[in-house]
Amino acid sequence: MKWRRGWVVGIGGVAVVVLAMIGFGVAVTAGAERGSAKAEEEIAAFNKRYVELHLKMDTAGVLALWSDDGVDLMPEDAAMIGKKKIQAWVEDILAKMPGYKVTKQEMEFHDIHVCGDWASEWATEHQVVQPPDGKPPIEGYGKMALILHRDAGGAWRVQQEMWNSAPKP
């Protein structure tokens, strides 16, 4: 099996499993000042919601949180530019994995930096997915860097994401 951005890609009939769906981008309270503690609190709330959506495997919710022109950079893939392209990629993967369920989603965010309507951070991730039919759970680890942008309505959205796998700690 080959690990790719939160997904274990199986070869020769082995199912494709999501370990950390795409995305990031929950609407949070608008109005934070440049680099303020309030903006950092908004990002922390954003991150909490991000984890919740992944645990629920709420694909529509996660994708709705991306900027329309967001960019996803995955290992060994061309850059995915635009929410529609990212959505098509996710839907293709999910179609190949019916019955799989995320049972654990842990993320630790680091180095949150806010400057006006832009923010950056990185995270480590651990996810456990239960395949159907009593197969053993699949455990995965990853790292990602995020660039967030606050849109005109005040919602933080993922503008750019770069993800790669990480070793088990």
Quick check for you: to the nearest 0.5 Å, what is the distance between [X] atom [atom1] and [Y] atom [atom2]?
X: E40; Y: I112; atom1: CD; atom2: CD1; result: 6.5 Å
X: H54; Y: M107; atom1: NE2; atom2: CE; result: 6.5 Å
X: Q160; Y: S67; atom1: CD; atom2: OG; result: 9.5 Å
X: K84; Y: Q87; atom1: NZ; atom2: CD; result: 9.0 Å
X: L55; Y: Y50; atom1: CG; atom2: OH; result: 12.5 Å
X: H113; Y: I43; atom1: NE2; atom2: CD1; result: 12.0 Å

Does a side-chain heavy-atom distance below 4.5 Å link [X] with [Y]?
X: W66; Y: I86; answer: yes
X: V51; Y: L53; answer: no
X: V129; Y: K101; answer: no
X: L146; Y: W122; answer: no
X: R150; Y: E42; answer: yes
X: P131; Y: I138; answer: yes
X: W156; Y: D151; answer: no
X: W163; Y: K143; answer: no

Side-chain donor-acceptor pair present, N47, E121, cut-off under 3.5 Å: yes

V128 and V102: CA distance, side-chain angles, deciding distance, side chain to side chain contact (heavy atoms under 4.5 Å, CB included) verdict: CA-CA 6 Å; V128 178; V102 175; over 6 Å; no

For K48, what residues pass the salt bridge (Lys or Arg N to Asp or Glu O under 4.0 Å) criterion, not counting sequence neighbours?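 Residues passing salt bridge (Lys or Arg N to Asp or Glu O under 4.0 Å) with K48: E52.
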
Carboxylate-amine/guanidinium proximity below 4.0 Å for E139 and K104: no

Which heavy atom of H110 sits nearest a heavy atom of A123, and at what distance? CD2-CA, 4.3 Å

For residues A79 and L73, report the shortest heavy-atom separation together with the two atoms involved.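 Shortest heavy-atom separation between A79 and L73 comes out as CB-CD2, 3.5 Å.
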
Take M144 and M162 through the test side chain to side chain contact (heavy atoms under 4.5 Å, CB included) and record every step on the way to the result. CA-CA 5 Å; M144 64 182 171; M162 179 179 280; over 6 Å; no

Starting from the C-alpha separation in whole Å, work towards a yes-or-no answer on side chain to side chain contact (heavy atoms under 4.5 Å, CB included) for W118 and I147. CA-CA 7 Å; W118 292 91; I147 308 252; 3.8 Å; yes

Are any side-chain N or O atoms of T103 and backbone N or O atoms of Q130, one a donor and one an acceptor, separated by less than 3.5 Å? no

Check the pair Q105, E125 against side chain to side chain contact (heavy atoms under 4.5 Å, CB included), reporting the backbone distance first and the verdict last. CA-CA 7 Å; Q105 179 70 48; E125 129 182 89; 3.3 Å; yes

With side chain to side chain donor-acceptor pair (under 3.5 Å) as the test, pick out the partner of D69 among H149, Q159, R157.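 One option only clears the test, and that one is Q159.
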
